[in-house]
Amino acid sequence: MDAFDREQCIVVHGDPHPANALQVLAPRAGAESGYVFVDPEGFLCEPEYDLGVVMRDWNEELLAAADPLSLAHEYCELLARESGLDEATIWEWSFIERVSTGLYICAYGSSEHGQPFFKQHNTCWDSARSIISPLISLL
């Protein structure tokens with residue numbers, strides 16, 4: 001995706017992490033089996049946004065990897081392939097989500113829990129430089 005296109009937007013969940021996924025215990029219309037997401041934030045955005053949030057939460061696995069950047073790209077490629085969505089846009093949202101979540105957690109006084117988001121961000125910095133540089137120039 002070259003730029004934000006409102007026509008491509010959908011209502012996203014906004015916070016699709018494992019604690020917001022509940023197993024379906026009794027079949028019902030639209031959720032016969034598997035899992036459903038609960039506690040949505042629900043806002044209009046590119047569909048890739050929710051997959052960027054999913055990538056945000058893989059810090060532990062990525063930081064433990066011998067080559068975290070390659071593994072992050074593999075995760076992103078898998079999400080794009082399985083969803084049919086744009087890989088670059090998923091990657092960009094995951095970068096934004098990782099940094100903003102780290103800042104949010106640190107702002108609430110938990111540097112210990114916020115730091116892994118920044119450590120993973122630093123691993124991906126070279127790939128993201130083209131995204132961030134234009135934003136920094138606006139400041």
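When all heavy atoms of I10 and P47 are compared, the pair lying nearest together is CD1-CB, 3.6 Å. Between D57 and E61, the shortest heavy-atom distance links the atoms O-OE1, 4.4 Å. Between L71 and A65, the closest heavy-atom pair is CD2-CB, 3.7 Å. Residue S111 comes nearest to C106 through the heavy atom pair CA-SG, 3.8 Å, listed as atom of the first residue, atom of the second, then distance. The two residues V36 and A31 have their closest heavy-atom pair at CG1-CB, 3.5 Å.
Judged by distance alone, the side chain of H13 and the main-chain N or O of V38 form a donor-acceptor pair under 3.5 Å. Under the 3.5 Å distance criterion, the side-chain polar atoms of E87 are left unmatched by any main-chain donor or acceptor of A80. No side-chain donor-acceptor contact under 3.5 Å links N20 to the backbone of F37.
For the pair I90 and C76, the minimum side-chain heavy-atom distance is below 4.5 Å. Between L51 and S83 there is a side-chain heavy-atom pair separated by less than 4.5 Å. Considering only heavy atoms from C-beta on, F95 stays 4.5 Å or farther from E92 through its side chain. When side chains are defined from C-beta on, V12 counts as touching F43, because their heavy atoms get closer than 4.5 Å. Taking the side chain as every heavy atom from C-beta outward, I105 and T101 approach each other to under 4.5 Å. Contact annotation: the side chain of W93 approaches that of C45 to within less than 4.5 Å [non-hydrogen atoms, C-beta and beyond]. Side-chain contact between H73 and W91: present, with at least one pair of heavy atoms (C-beta onward) separated by less than 4.5 Å. Residues L62 and R98 form a side-chain contact, since some pair of their non-hydrogen atoms from C-beta on lies under 4.5 Å apart.
For R6, the CZ atom sits in a loose shell: 12 or fewer heavy atoms of surrounding residues, nucleotides or ligands are nearer than 6.0 Å. In H113, the NE2 atom is not crowded: 12 or fewer heavy atoms of neighbouring residues, nucleotides or ligands sit closer than 6.0 Å. More than 12 non-hydrogen atoms from other residues, nucleotides or ligands lie less than 6.0 angstrom from CD of Q23. With a 6.0 Å radius and a threshold of 12 heavy atoms from other residues, nucleotides or ligands, E32 has its CD atom above the threshold.
Atom CH2 in W58 sits 9.5 Å away from atom OG in S94 (nearest 0.5 Å). A distance of 11.0 Å separates NE2 in H17 from CG in D50, rounded to the nearest 0.5 Å. Rounding to the nearest 0.5 angstrom, the gap separating the OG atom in S70 from the CD atom in E77 is 11.0 Å.
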Next on the checklist: Could you go through L79 and M55, starting from their C-alpha distance and side-chain angles, then the distance that decides it, and tell me whether this counts as side-chain contact (heavy atoms from CB on, under 4.5 Å)?
Outcome noted: CA-CA 9 Å; L79 290 170; M55 283 195 60; 3.4 Å; yes
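In this model, a donor atom of one side chain and an acceptor atom of the other lie less than 3.5 Å apart for E97 and Y49.
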